There are 2 protein chains.
Amino acid sequence: MEGPVTIRDVAARAGVALSSVSRVLSGHPDVSASMRAKVEEAAQALGYEPDLLAQSLRSGATRTIGFIIRDIANPLFAVVARACEQELRRNGYSLILMNSDGSVETESKNFALLRRRRVDGVIASLVAEDSPYVKKTILSLRAPLVLLDRDVKGLNASAVITDHAIGVKSATKHLIEAGHRDIAFISGAANVYTTRNRIKGFSEAFAEAGLALPEKLIALGGFDAEYALIHARHFLLKNPRPSAFIAGGIGSTAGVVRAFNEMNLKIGKDIALVALDEWPLFDVFATEVSSVYRDPEAIGSEAAHLILEVLNGNEPRESVIDTKFTARASSQGVR
Amino acid sequence: MEGPVTIRDVAARAGVALSSVSRVLSGHPDVSASMRAKVEEAAQALGYEPDLLAQSLRSGATRTIGFIIRDIANPLFAVVARACEQELRRNGYSLILMNSDGSVETESKNFALLRRRRVDGVIASLVAEDSPYVKKTILSLRAPLVLLDRDVKGLNASAVITDHAIGVKSATKHLIEAGHRDIAFISGAANVYTTRNRIKGFSEAFAEAGLALPEKLIALGGFDAEYALIHARHFLLKNPRPSAFIAGGIGSTAGVVRAFNEMNLKIGKDIALVALDEWPLFDVFATEVSSVYRDPEAIGSEAAHLILEVLNGNEPRESVIDTKFTARASSQGVR
DNA sequence: TTAGATTCTGGTAACGATTCCATCGGGGAA
DNA sequence: TTCCCCGATGGAATCGTTACCAGAATCTAA
């Protein structure tokens, strides 16, 4: 009873050659019934299970997928990760999780490490699209890549893209129709598709209404609550004060709502709010918040499908997830 | 430019033996300066990086840790996972994430797969402590194990234990002192330490106050919102109606709050609420909720430390994380 | 000057699996 | 009966790395 059981041990016990054991266990057709019986008995008795490491070295495939994101603690991405892991697991793949901590440098190191681990593919939500690291690092990855909500040219990668614009446009229209003009928009960094696409929807709604875009009320710099808090405070001191806020993601919304609380502004009464994305307990606790929703489960399982497709020899492609605006108490009855 | 660069290619380019390349790159002392220079030049020029797979096969260590939890989408565990991954990454380990989907069978399969992947250790939050699978599966793991908030005898595992009892006891005392007697308690399944330990604190507070435990107001069966919703509804129809609720975790709290909303009960006014754990945006949106808080960052990094300790040859041990009750508006002014 | 120790280097055997190739029989066809 | 082919098996090479062993070259000391 020393160390794990290897194929040698099974061969010895069954009194046959290594290669025969391998053939039986991998279901090779040219094996006699008696051989099959002997080997299976021995494998069973010894509790043999093949070493995935050795198999990987031999076959060149690790049945392992890297998953790189800024921060798994973001509830949206946690759901994406869960759905993705589940789907990959069903197909015999394991997921290696890495956080980038919001740093392109860490992100780059993560890619390099995954390359050395010989992962069969990578699913990633990049910190930035314009980093000098990114393209070089990714191009040296000898494995299929699925990008989440990012647009980087010349990578030959698959992508799961969310159509934020359509939802944000509806939301903005809804606010404009309710009489809002000074609408503040606070969302994540401008150097990623997510933010640009959201702004696109925001702009389109103003353009179609024949109104000028309130450029001075747009703050795009960080996904964190701190960034949103500072800018929301600043906007709330303007004259005239914005009558509505659109806040991107959980971090931005947290910051915006804290600013409201500081000034004792009641959501849905003194000020309107639309959140981009939803998260756990979104539906509970006081005022119901209007939102632009995207299904994180769908994003995760679609990412898994896309990588599996390429692993099965198909060409990389893009898949679009839609968004849906729902008006709730937080954006009604303010004007 | 075919396939990844191996140590052979480096040896060929430098005109030396394989073994010399290996020695230089692994920092062996007995290497001449000229040899070092030649090999480093070649490795640099070819962009060589050692294959972790091959190294692992040779060395027996994969520098990989398995992380098994019920559900990464639980915000508390997402933060635990992040902190854990971060700490392990700093020490050169990668994390393989697996969800058990609340099934002991899936959990068992996950353990088996991690064993085949030859992970160096496993950090796990078990679905149940009394499963027949668990012990057998875990004992066959030839790697150190860190349990999160679970108590299974005879495993020789490390553990990060949360001292829920102390926080829950304070919370219960606080409610009792405010005059509450019919206090409902809804939390996760009873077959795990977390729940038992919480109930312990709950019971102690009643005992010390010389009051009988309101056993008919205790529901311990599931971590999900659905379970909590059904039981909260049921309790709210009792006569007398409970005047306070203690809800374990995010799922339970969601269910309880939904039940309140259905009956149009205002938290902190018509009914008191204490939540066990906190989560993103906990501090925002209307009524501030009293809570028993534990630091998920600390749990995650402590788990990483414990596994690293054992990997460095130390004995497994237990580490205790404390909890802290904070009274907020949700539990004040109801009576 | 030479024995002995000390560097340094190359060759080779592992780690645990798969797969190709060669060999050996047995069965079918002429 | 003879020839051929195919099913079944064992042996050896391979994946990319490290580590042991032996030998060559250099150096120290008597």
Side-chain angles (χ1 to χ4, degrees), chain A residues 2-40 42-43 46-64 92 113 115-120 142-143, chain B residues 2-40 42-43 46-64 92 113 115-120 142-143:
Chain A
E2 259 311 308
V5 181
T6 75
I7 202 170
R8 297 192 107 81
D9 304 323
V10 178
R13 166 152 183 149
V16 300
L18 290 184
S19 41
S20 298
V21 177
S22 174
R23 261 187 301 257
V24 171
L25 268 38
S26 56
H28 194 92
D30 293 349
V31 181
S32 71
S34 72
M35 171 67 84
R36 167 151 289 129
K38 273 190 291 184
V39 170
E40 279 173 350
L46 296 174
Y48 169 75
E49 41 186 25
D51 184 331
L52 274 171
L53 227 53
Q55 289 185 322
S56 296
L57 180 62
R58 186 75 233 272
S59 70
T62 55
R63 300 200 76 85
T64 280
L113 184 53
R115 190 176 56 219
R116 287 190 54 201
R117 287 203 179 278
R118 301 282 186 260
V119 293
D120 294 343
R142 286 168 183 285
Chain B
E2 257 312 308
V5 181
T6 77
I7 202 170
R8 296 192 107 81
D9 304 323
V10 178
R13 168 155 180 145
V16 300
L18 290 184
S19 41
S20 298
V21 176
S22 175
R23 261 188 302 258
V24 170
L25 267 37
S26 58
H28 194 92
D30 293 348
V31 181
S32 70
S34 71
M35 171 67 84
R36 168 151 290 131
K38 272 189 292 186
V39 170
E40 280 174 350
L46 297 174
Y48 169 75
E49 40 186 24
D51 184 331
L52 274 171
L53 226 54
Q55 289 186 324
S56 295
L57 179 62
R58 186 73 234 271
S59 69
T62 56
R63 300 200 76 85
T64 280
L113 184 53
R115 189 175 57 221
R116 288 189 55 200
R117 287 202 180 278
R118 302 281 187 259
V119 292
D120 294 343
R142 288 167 182 284

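Just so you know, these numbers come straight off a predicted model, no measurement behind them.
Listed nucleotides dC8(C), dG16(D), dT17(D) differ in distance to Leu57(B); the shortest reach to its side chain belongs to dG16(D). Nearest to the side chain of Asp51(A), among dA17(C), dT9(C), dT19(C), sits dA17(C). Nearest to the side chain of Ser19(B), among dT9(C), dT12(C), dG11(D), sits dT12(C). Nearest nucleotide to the side chain of Ser32(A), out of dA8(D), dG11(C), dC8(C): dA8(D).
The 5' end of DNA chain D is approached more closely, in terms of each residue's nearest nucleotide, by Tyr48(B) than by the other of Arg23(B) and Tyr48(B). DNA chain C is contacted by both Ala54(B) and Ser34(B); Ser34(B) maps to the nucleotide lying nearer its 5′ end (nearest heavy atom per residue).
Between Leu18(A) atom CG and dG11(D) atom C1' the separation is 9 Å, expressed in whole Å. The distance from atom CZ of Arg36(A) to atom C1' of dT9(D) is 14 Å, rounded to the nearest whole Å. With rounding to whole Å, Leu53(A) atom CG is found 16 Å from dT14(D) atom C1'. If you take CZ of Arg116(A) and C1' of dT17(D), they are 12 Å apart, rounded to a whole angstrom. Protein atom CZ of Arg117(B) is 18 Å distant from nucleotide atom P of dG16(C), rounded to whole Å. With rounding to whole Å, Arg142(B) atom CZ is found 12 Å from dG16(C) atom P. Between His28(A) atom NE2 and dA8(D) atom P there is a gap of 9 Å when expressed in whole angstrom units. Between Ile7(B) atom CD1 and dA19(D) atom P there is a gap of 11 Å when expressed in whole angstrom units.
Taking each heavy atom of Thr62(A) and Arg117(B) in turn, the nearest pair found is O-NH1, 3.1 Å. Across Asp120(A) and Arg63(A), no two heavy atoms sit closer than the pair OD2-N, 2.6 Å.
Judged by distance alone with a 3.5 Å cut-off, no donor-acceptor contact links the side chain of Ser20(B) to the base of dG10(C).
Within the 4.0 angstrom heavy-atom criterion, base atoms lie near Ser22(A). In this structure, Asp30(B) reaches the bases: a heavy-atom distance under 4.0 Å links it to at least one base atom across the strands shown.
A salt bridge is absent between Asp30(B) and Arg23(B): the closest approach of a Lys/Arg side-chain nitrogen to an acidic carboxylate oxygen does not fall below 4.0 angstrom.
Using a 4.5 Å heavy-atom threshold, the side chains of Thr6(B) and Asp51(B) count as separate. Residues Leu46(B) and Arg13(B) form a side-chain contact, since some pair of their non-hydrogen atoms from C-beta on lies under 4.5 Å apart.
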